[in-house]
Amino acid sequence: MTPHFTLSATVLESRDAKALAIFYQRLLGWRIGEDEPGWVTLRPPHGGGAGLSFSTDEAHVPPVWPAGPGDQQMMMHLDLEVDDLDEAGAHAVASGATLADYQPQEDVRVFLDPAGHPFCLWIR
């Protein structure tokens with residue numbers, strides 16, 4: 001029998017957990033849960049679904065996207081479904097994101113958060 005698992009969060013590392021958490025709080029509008037030195041969590045509205053957590057790692061090296069030979073590889077990225085790609089993209093930039101130079105798909109926009117983690121905004 002398989003034990004019960006519940007995904008509670010995805011953890012992103014950066015040199016400043018609090019700063020990255022504040023970026024995602026502005027982007028998503030989620031509330032801060034735990035706020036300790038080196039560790040901050042964000043929780044989705046109404047307690048639904050997995051949250052995001054942020055950990056300080058002073059040795060964090062931002063990934064390069066798309067990575068070439070010898071570049072720091074990304075370990076994962078977030079996909080965020082939006083209802084208006086242009087409006088959501090403008091909000092992401094106003095929150096502190098950078099539009100990635102390389103855009104592989106017409107209905108997806110790739111952005112980099114302040115710690116260099118790629119995330120995608122997409123529309124059905």
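We number each residue from 1, following the sequence as shown. Side chains included, hydrogens not; waters and symmetry mates left out as well; all remaining heavy atoms used.
For Ala115, the side chain to side chain contact (heavy atoms under 4.5 Å, CB included) criterion is met by Ser14, Leu20, His60, Asp113, His117, not counting sequence neighbours. For Phe5, the ring-ring contact (aromatic ring centres under 6.0 Å, His included) test picks out no residue, with sequence neighbours left out. Applying the ring-ring contact (aromatic ring centres under 6.0 Å, His included) criterion to Phe119, with sequence neighbours excluded, gives Phe111.
In terms of hydrophobic clustering, with Ile, Leu, Val, Met, Phe, Trp and Tyr side chains grouped at heavy-atom distances under 4.5 Å, Leu112 and Leu78 are assigned to different clusters. Note on Val93 and Trp65: separate hydrophobic clusters, where clusters join Ile, Leu, Val, Met, Phe, Trp and Tyr whose side-chain heavy atoms are under 4.5 Å apart, directly or indirectly. One hydrophobic cluster holds both Leu121 and Leu27 under the rule that ILVMFWY side chains link at heavy-atom gaps under 4.5 Å.
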Got a list of side-chain donor-acceptor pairs under 3.5 Å for residues 29-41, not counting sequence neighbours?
from	atom 1	to	atom 2	distance (Å)
Asp35	OD1	Lys18	NZ	3.4
Asp35	OD2	Lys18	NZ	2.3
Thr41	OG1	Glu34	N	2.7

Under 3.5 Å, which donor-acceptor pairs link side chains of residues 99-106 to any protein atom two or more places apart or in another chain?
from	atom 1	to	atom 2	distance (Å)
Gln103	OE1	Val110	N	2.8
Gln103	NE2	Ala100	O	2.9
Gln103	NE2	Val110	O	2.9

Name every donor-acceptor pair, under 3.5 Å, that has one atom in a side chain of residues 42-57 and the other anywhere in the protein, sequence neighbours excluded.
from	atom 1	to	atom 2	distance (Å)
Thr56	OG1	Ala17	N	3.0
Asp57	OD1	Ala59	N	2.9

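The hydrophobic side chain of Val64 is isolated, with no ILVMFWY side chain under 4.5 Å apart from it.
One distance of note links CG of Asp107 with CD1 of Ile123; it measures 8.5 Å at 0.5 Å rounding.
Of the possible polar contacts, one joining the His91 side chain to the Arg26 backbone as a donor-acceptor pair under 3.5 Å is found.
Sequence neighbours left out, the pairs with a member in residues 73-88 that pass side-chain hydrogen bond (donor to acceptor under 3.5 Å, both in side chains) are His77-Asp79, Glu81-Arg124.
Closest approach of Val82 and Ala88 over heavy atoms only: CG1-CB, 3.6 Å.
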